[in-house]
Structure formats: C-alpha cells, structure tokens
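Worksheet: the structure to be examined is printed underneath.
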Amino acid sequence: MRSFSFSIPWRWRRAALAASLAALGGLAQAAVGLSTIAATDTDGPVTLYYPTHAPAAAIQRGPFTLELAEQGEPVRGNGHLVVISHGSGGGPWVHADLARTLVEAGFIVAMPQHHADNSKDGSNPGPNSWAIRPQEVSRAIDAVGRDARFAPLLTLDHVGVYGMSAGGHTALSMAGGHWSAAGFKRHCEANLVDDFQACVGLITRLTGGMLDGIKKWVALAVIRHRFDDETMLSHEDPRVAAVVAGVPAAADFDMASLAKPRVPLGLVTSQQDRWLVPRFHSDRVLQVCTNCEHIADLSKGGHGALLSPPPPGLTGLVGDMLNDPPGFERGQMHAVDQKITAFFVRHLSD
C-alpha cells in the first residue's frame, strides 16, 4: 500500500512556534490568583489558585507567607482544572508551590477542604474520611463549574486529580481503585508493628518500652471494632482524565483494581517515608500497575517531602513523621512539581 506524507513548511512551523511561545510567555508573566468558593451545608470551602493579571502581594496564611493576587480577576489559561486532595490534617497552603507551577502552565487549581480531616478539624481521619473524599472531589468540580468567575474559562471533561498521603488514597480511588475498611483492618492485623503510624496515625508511637504491648492491644481492639466492613468502595467520575498519587495510603486497596487504572496514573514516592512505609503502600501499587508512570522517586525523602512549602517548626511525633530527613535536598522539589505538571499537560491536552 502506498503511503502519503507531507511536511509543514518551516516558515509556518516557525510562526506557530513563535505564537505558542508568545502565548506561554504572556501567561508566565501573569500572577497567581487566590480565591475561595464558600462552604455549603455539605462541603467545606474550595480554595482556588489561577492565572490572573492582577498584581501579587505578600499575604499571610497561618505560618506561611505567599506571593499571590488575592481576589484577582481570573484569566484564561489552558482551559483545564486540576483538583488537589490534601493529606490527613492538611489544608490548601502546604501545596501552594505545586499549585503555582500548575498555574504557570495554565491550569486552574481547586483544593477542597475535606470534612473532619483537615487542619481546622481533625476529628475523623482514616477510612471514614477516605470513604467520602472522592465525592468531595467530584462536588468541588461541580462547584467550580457553577462559579461564574471560573466556569467560562474551563472545559471540565478532562480534569486532573492530584493527592498526597490520605489525598493519595483519594487519587487512587479516582483512578479506579477499589478498597474496603476491612482491608485496612487486615493490613493492620498483619503489619501493625512495621506500619504502626499508618494504622494509628499520630495518636501514639511504639518506643520499645514496656507500654508497647498495651498500645498494640488497644490499637487492634479499636481497629477491629471500627473497621470490619467488607463492602468494596469505589468512585468513578468520567470527567477525571488523569491522576497523580503522591506517597499514597494504599495498603487497603484490592491491588487487582489498580493493575489497569481507568485513566493515566502517575506516582511520586519517598523511600524514607515512615508514616506510610513504601513496601506496604506506594511500592505495592507500582508492582501491580505496570503501565503507571513513576514520576519521581525521592530516595532520601520522608513522608513530608511533598508538603511544599513545608510547615515550619514541627516537633514531637508529627515532626518526626513530616520533617525532612538528614541529607534530603528540598531544592529538588521544584523539578518534581514540574514533572507532575508535565504529566497533566500530556494527559489533559485536548
């Protein structure tokens, strides 16, 4: 069979390239805007980062000083939305660096506040939160789509989702993963000592002392009482077209459901993670998902490596779990943010 091909004249390609670079240059000169969609009776507020031509200024949010154009008028970027699902006890500020990189590439970024598992209310983390987080992501997409400021700037049939830690669990659910509370219980029964913080959070830790036996007995009693439901949970939103999971909680998933995710799935891992030990969580996903993209592996990174900017002054157990381990070079995280952004650019482009 005869094949036909044609080449675009160089002057046309040069003109198209110049136009593309000019558009990107104009967007790169734009500031990053900050706004909020107010909480409703069922959901917390949704924080938005987006391109704007309004001037940025230093604003204070908790311990963080951020250069943002608060309430700046949004301008059109690439027409796509990325939703970020924060980790347990998290909020919208510890992913501001990733949000900035995404906005500089043209994305609008939405961060829903997850119910009873956020920096203002940490009363119900773990499987109870994991069960409702994917619906909260979908409702955040709905909320952006109803907002007169942002809806005209977006096409919501190709949305990206990024999640870290408990948010990584959300991300795996959005990618097609199935899990159960009983799966969490079985993991903790089998691996309580080796993955203790994943099972009990930051309530306590094992110290090698005489109270460890009591701690383990109480932990298993509570887990067996609260998390015995065998119902397999899943969530599908056809608008979600690409997912990235950073240091995800994953031990309770049916790994067969992640062998072939329904959308492109990328992972970011940290080998010194002591909160979600990789061999029980992210490494298991990579073992079964042969077509997943391993976006970055931080050989010296801990669980908090993807918090950027990192919360300052953490002490005690939370500091041990989230502060950077010795030898970790935080300067590399901008390149990681760029790789995450490039993943979404590739898979969400029209």
Side-chain angles (χ1 to χ4, degrees), residues 32 34 47 49 59-68 82-103 109-114 117-122 125-126 129-130 133 137 161-172 197-198 201-202 244-250 266-278 281-282 295-341 343:
V32 178
L34 174 70
T47 301
Y49 296 80
I59 64 170
Q60 195 72 26
R61 291 293 184 271
F64 304 104
T65 301
L66 306 169
E67 287 285 331
L68 300 167
V82 173
V83 181
I84 293 182
S85 175
H86 63 71
S88 192
W93 317 122
V94 292
H95 296 297
D97 289 346
L98 173 59
R100 178 176 295 278
T101 305
L102 287 163
V103 170
V109 178
M111 299 190 189
Q113 178 179 283
H114 290 300
D117 189 20
N118 60 74
S119 59
K120 297 179 179 179
D121 177 9
S129 173
W130 303 343
R133 280 166 165 260
V137 168
V161 171
Y162 170 86
M164 177 252 173
S165 190
H169 192 285
T170 309
L172 294 177
Q197 304 309 150
L202 299 176
V244 175
V247 292
L267 282 96
V268 181
T269 56
S270 289
Q271 292 307 312
Q272 306 307 313
D273 189 341
R274 294 191 292 126
W275 193 334
L276 296 170
V277 177
H281 299 277
S282 52
I295 294 173
D297 179 45
L298 305 171
S299 61
K300 295 184 179 180
H303 188 71
L306 298 182
L307 301 178
S308 183
L314 298 178
T315 59
L317 179 54
V318 65
D320 289 347
M321 292 296 105
L322 295 180
N323 290 337
D324 293 337
F328 177 68
E329 295 292 338
R330 179 151 286 275
Q332 68 187 292
M333 293 314 299
H334 180 59
V336 174
D337 290 344
Q338 290 178 319
K339 290 178 181 179
I340 294 168
T341 299
F343 179 91

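Atom set for the values below is all heavy atoms of this structure, side chains included, hydrogens, waters and symmetry mates excluded. Count residues from 1 along the sequence.
The closest side-chain heavy-atom distance from Ile295 to Val336 is not below 4.5 Å. When side chains are defined from C-beta on, Val277 does not count as touching His303, because their heavy atoms never get closer than 4.5 Å. With a 4.5 Å cut-off on side-chain heavy atoms, Tyr49 and Leu34 count as touching. In this structure the side chain of Leu276 never reaches within 4.5 angstrom of the side chain of Gln197, judged on heavy atoms. A heavy-atom distance below 4.5 Å is not found between the side chains of Asp273 and His281. A 4.5 Å side-chain heavy-atom check between Thr101 and His334 finds at least one atom pair inside the cut-off. Annotation: side chain of Thr269 is not in contact with side chain of Pro278 (no heavy-atom distance under 4.5 Å). Considering only heavy atoms from C-beta on, Arg133 comes within 4.5 Å of Asp117 through its side chain.
Nearest heavy-atom pair, Trp130 versus Ala249, reported as atom, atom and distance to 0.1 Å: CZ2-CB, 4.2 Å. When all heavy atoms are compared, the tightest approach of Pro63 to Pro312 is CB-CG, 3.8 Å. The shortest non-hydrogen separation linking Val83 to Pro112 is CG1-CD, 3.7 Å. Nearest heavy atoms, Ala305 versus Asp324: CA-OD1, 4.3 Å. Nearest heavy-atom pair, Arg330 versus Leu307, reported as atom, atom and distance to 0.1 Å: NH1-O, 3.1 Å. Taking all atoms of both residues into account, the shortest heavy-atom contact from Gly246 to Leu306 is CA-CD1, 3.6 Å.
If you take CG on Leu202 and OG on Ser88, they are separated by 7.5 Å, rounding to the nearest 0.5 Å. For the atom pair CZ (Phe328) and CG (Asn323), the distance works out to 12.0 Å, reported to the nearest 0.5 Å. Expressed to the nearest 0.5 Å, how far OG1 of Thr170 lies from CD1 of Ile84 amounts to 12.5 Å. From Leu322, atom CG reaches atom CG of Leu317 across 9.0 Å, with rounding to the nearest 0.5 Å. Atom OG of Ser270 sits about 13.5 Å away from atom NZ of Lys300, to the nearest 0.5 Å. Within the model, atoms CE of Met333 and CG of Leu298 stand 5.0 Å from one another, a figure rounded to the nearest 0.5 Å.
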I'd like a table of donor-acceptor pairs (distance under 3.5 Å, sequence neighbours excluded) in which one partner is a side-chain atom from residues 92-100, with atom names and distances.
unit_1, atom_1, unit_2, atom_2, d
Asp97, OD2, Ser308, OG, 2.6
Arg100, NH2, Glu67, O, 2.4

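The side chain to side chain donor-acceptor pair (under 3.5 Å) search around Glu329 returns none, not counting sequence neighbours.
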